[in-house]
Amino acid sequence: MNLELTQIADISNEKLQITGSKSEANRLLILQALYSKISIENLSNSDDSQVMQAAIASTEELVDIHHAGTAMRFLTSYFATREGRKTILTGSERMQQRPIKILVDALRDLGADIVYQKEEGYPPIVLNGKKLIKNKVSLKANVSSQYISSLMLVAPSLENGLEIVLEGKVTSVPYIKMTLSLLKEIGAVGSFENNTIKISPLVDSNTDTIVVESDWSSASYFYSLVALSKNAKITLGSYKKSSYQGDAALAEIYKNLGIKTSYENNTITLEKVSDVTKGTDAFNGSLDLANSPDIAQTIAVTCFGLGVSCHLIGLHTLKIKETDRLEALKAEIEKLGGKVTITEDALMLSEASIIKTDVAIDTYQDHRMAMAFAPLALKTRLLINEAEVVSKSYPDFWSDMKKLGFIISEV
């Protein structure tokens, strides 16, 4: 499905309800599978969460998680610890190109029985579930935090708990803290100090219902819309000022782009309060997104649309996402008339004087590419190819854009 997005008049005082955080929901689904009395409210309606639910409920030997990277990482530890169960865990062609070796090695060190079915280091993998007795493992700290969270989520179900020693500088700390906070919410005892995570065994959870906060990554696209508008105001629910999600950093980051965030009754209101000066450096130096890499695409596109430059660093994990997001950003922004330089872990955007019109944005089977570029419809008419990819994390995105007044038509 290819969509055409047409410019609209400004947005004024609109309200939207955003689906539950995929990151929180997928962690809680694993914990619910381990501790059955947990119930979850405001569960994400994303493809990834639906895939996770189906995989956990499946009694088949072959489990296909398609494009869902979080599901691949979290389910690897889950099925490795399901005593007596054999599982073949596979995914899409792109998923079979995304590395899993660091997590598999860590689980093998703990005694897990895991075999690669095709290429060493990549899915599909065969997991012969068994009881894990060892309770200490080390792995590199600069890897995807999902590997670390995967181990943390099963840790309380292990007879002797688990100690995870992280070697080097830790990436995406907020996601590790999110996992630890959710573990504590169900009654687990754990700590994260001096690059060491310790989690004690837990026989049963002490809580029945957990409410998932709405997704801050999804909120990023509305920050971008407000920043690119003349004087828009949008209210989003349901959000907490003290959030588990690293992407809540948006509120502080977008101050530099003229946006004020107000909190009231579990909502956030985004309001444009100032304009940025074209041709300037948006953040007066580099902006480190190591703790919130999922909002890098949105920020880069916002800066392009505003005609300002930016230098985003800490982006090494973007190379192994649904696509190589750094290469994809460079290709699509340059189609629109921008200039981008990338390295293995950074993106430099030069200020743009023009934005080309009627450009077709390729999405590379990456939901965030579609949604990050959509706000540019306030500046120019553009096409989004394979726009249905948004269902991976935010199925209601295009209907919510229509609620804001955008004219969206299939081409």
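One-based numbering along the sequence shown. Everything numeric in this text was worked out from a predicted model, so none of it was measured. What you see below is based on every heavy atom in this structure, not just the backbone, and it leaves out hydrogens, waters and symmetry mates.
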- Residue pairs passing the ring pair (Phe, Tyr, Trp, His ring centres under 6.0 Å) test with at least one member in residues 194-218, sequence neighbours excluded, are Trp216-Tyr239
- Assess whether atom NZ of Lys379 is packed by more than 12 heavy atoms of other residues, nucleotides or ligands within 6.0 Å. yes
- Task: Go through Lys136 and Glu163 one step at a time and tell me if the salt bridge (Lys or Arg N to Asp or Glu O under 4.0 Å) criterion holds.
- Result: CA-CA 5 Å; Lys136 187 171 182 178; Glu163 179 177 330; 3.6 Å; yes
- Message: Counting C-beta onward and ignoring hydrogens, is there a side-chain heavy-atom pair between Ile361 and Asn385 closer than 4.5 Å?
- Response: no
- Task: Walk me through it: do Ser144 and Thr317 pass the test side chain to side chain donor-acceptor pair (under 3.5 Å)?
- Result: CA-CA 6 Å; Ser144 168; Thr317 60; over 6 Å; no
- Item | Any donor-acceptor pair under 3.5 Å from Ser157 side chain to Val154 backbone | yes
- Item | Minimum side-chain heavy-atom gap Leu315-Leu326 below 4.5 Å | yes
- Between His316 and Asn142, is there a donor-acceptor pair closer than 3.5 Å when you use the side chain of the first and the backbone of the second? yes
- Item | Flag side-chain contact, heavy atom, 4.5 Å: Tyr116 against Val126 | no
- Task: Tell me, with the steps shown, if Asp294 and Ser292 meet side chain to side chain donor-acceptor pair (under 3.5 Å).
- Result: CA-CA 6 Å; Asp294 281 345; Ser292 47; over 6 Å; no
- Locate the shortest heavy-atom distance separating Ser214 from Gln17; write the atom from each residue and the value. OG-NE2, 3.7 Å
- Task: Have a look at Ile259 and tell me which of Leu270, Leu250, Val273 forms a side-chain contact (heavy atoms from CB on, under 4.5 Å) with it.
- Result: Leu270
- Message: Distance alone, cut at 3.5 Å: any donor-acceptor contact between the side chains of Asp247 and Ser217?
- Response: yes
- Message: Between Asp208 (side chain only) and Ile38 (backbone N and O only), is there a donor and an acceptor less than 3.5 Å apart?
- Response: no
- Query: Within a strict 4.5 Å, meaning less than it, do heavy atoms of the Leu180 and Leu182 side chains meet?
  - Reply: no
- Message: Ignoring hydrogens and geometry beyond distance, is a side-chain donor-acceptor pair present between Tyr175 and Asn291 at under 3.5 Å?
- Response: no
- Message: Just by distance, no angles: are the side chains of Ser391 and Asp47 close enough, under 3.5 Å, to form a donor-acceptor pair?
- Response: yes
- Query: Is the number of heavy atoms from other residues, nucleotides or ligands within 6.0 Å of CD (Glu120) greater than 12?
  - Reply: yes
- Query: Using a distance-only test with no angle check, is there a side-chain donor-acceptor pair under 3.5 angstrom linking Thr343 and Asp345?
  - Reply: yes
- Lys37 atom NZ, over 12 foreign heavy atoms within 6.0 Å: yes
- Item | SB check Arg27 Glu24 (cutoff 4.0 Å) | no
- Query: Within the side chain of Gln117, is there an N or O that forms a donor-acceptor pair under 3.5 Å with the backbone of Leu89?
  - Reply: no
- Query: Taking atom types as modelled and ignoring hydrogens, do the side chains of Arg85 and Thr87 form a donor-acceptor contact shorter than 3.5 angstrom?
  - Reply: yes
- Spell out, as yes or no, whether a donor-acceptor pair under 3.5 Å connects the side chain of Glu185 to the backbone of Ile210. no
- Using atom types as modelled and distance alone, determine if a side-chain donor or acceptor of Asp281 lies under 3.5 Å from a backbone N or O of Cys310. no
- Message: Could you check whether any side-chain heavy atom of Leu43 comes within less than 4.5 Å of a side-chain heavy atom of Leu29, counting everything from C-beta outward?
- Response: yes
- Item | Between Tyr221 and Arg368: side-chain donor-acceptor atoms closer than 3.5 Å | yes
- Do you see a donor-acceptor pair shorter than 3.5 Å between the side chains of Ser149 and Thr179? yes
- Between Ser224 and Thr302, is a side chain to side chain donor-acceptor pair (under 3.5 Å) present by the stated rule, with each step listed? CA-CA 5 Å; Ser224 186; Thr302 305; 2.7 Å; yes
- Working for side chain to side chain contact (heavy atoms under 4.5 Å, CB included), residues Ile56 and Gln32: CA-CA 10 Å; Ile56 289 168; Gln32 185 184 55; over 6 Å; no
- Item | Between Ser46 and Ser393, a side-chain donor and acceptor under 3.5 Å | no
- Message: Contact between Leu151 and Leu107 at the side-chain level, heavy atoms closer than 4.5 Å - yes or no?
- Response: yes
- Is it true that Asp362 and Lys335 make a salt bridge, defined as a side-chain N closer than 4.0 Å to a carboxylate O? yes
- Task: Looking only at non-hydrogen atoms, find the nearest pair between Leu349 and Ala300 and report the distance.
- Result: CD2-O, 3.5 Å
- Side-chain touch Phe373/Thr363, heavy atoms, less than 4.5 angstrom: no
- From CA spacing to verdict: side chain to side chain contact (heavy atoms under 4.5 Å, CB included), Leu336, Phe304: CA-CA 9 Å; Leu336 286 157; Phe304 169 70; 3.6 Å; yes
- Would you check if there is a donor-acceptor pair between the side chains of Thr19 and Asn45 at a distance under 3.5 Å? yes
- Which heavy atom of Leu287 sits nearest a heavy atom of Ile253, and at what distance? CD2-CG2, 4.0 Å
- Measure across Leu153 and Leu34 and return the closest heavy-atom pair with its distance rounded to 0.1 Å. O-CD1, 3.4 Å
- Message: Show the nearest heavy-atom pair for residues Ala377 and Leu5, with the distance to one decimal.
- Response: CB-CB, 3.6 Å
- In plain terms, say whether Asp48 and Lys392 are close enough for a salt bridge, that is, a side-chain N and a carboxylate O under 4.0 Å apart. yes
- Message: We want to know whether Ser23 and Gln245 form a side-chain donor-acceptor pair, criterion being a heavy-atom distance below 3.5 angstrom.
- Response: no
- Query: Side chains of Thr261 and Tyr223: donor-acceptor distance under 3.5 Å anywhere?
  - Reply: yes
- Query: Which of these, Ile176, Thr196, Leu139, Asn135, sits in a side-chain contact (heavy atoms from CB on, under 4.5 Å) with Ile164?
  - Reply: Leu139
- Can a salt bridge be assigned to the pair Asp358 and Arg381 using a cut-off of 4.0 Å between side-chain N and carboxylate O? yes
- Message: If we count only N and O atoms by modelled type, under 3.5 Å, do the side chains of Thr209 and Ser39 hold a donor and an acceptor together?
- Response: yes
- Could you verify whether a donor N or O on one side chain and an acceptor N or O on the other, from His66 and Ser92, lie under 3.5 Å apart? no
- Passing candidate, salt bridge (Lys or Arg N to Asp or Glu O under 4.0 Å) with Lys330, options Glu332, Glu334, Glu327: Glu334
- Query: Under a 4.5 Å cut-off applied to non-hydrogen side-chain atoms, are Gln365 and His67 in contact?
  - Reply: yes
- Query: Taking everything shown except Lys140 itself, do over 12 heavy atoms lie less than 6.0 Å from its NZ?
  - Reply: no
- Query: Looking at Glu159 and Lys131, does any basic side-chain N land under 4.0 Å from a carboxylate oxygen?
  - Reply: yes
- Under the 3.5 angstrom rule, does the side chain of Gln297 hit a backbone N or O of Ala372 as a donor-acceptor pair? no
- Item | Pair Lys134 + Asp109: basic N to acidic O under 4.0 Å | no
- Query: Got a donor-acceptor contact below 3.5 angstrom from the Lys233 side chain to the Glu271 backbone?
  - Reply: no
- Should the heavy atoms of other residues, nucleotides or ligands under 6.0 Å from CD of Glu60 be counted, would the total exceed 12? no
- Task: Say whether Ser238 and Glu213, considering side chains only, have a donor N or O and an acceptor N or O under 3.5 Å apart.
- Result: no
- Counting distance only, does the side-chain N/O of Asp396 pair as donor-acceptor with the main-chain N or O of Asp400 below 3.5 Å? no
- Message: Check whether Tyr78 reaches the backbone of Leu31 with its side chain - one donor and one acceptor, N or O, closer than 3.5 Å.
- Response: no
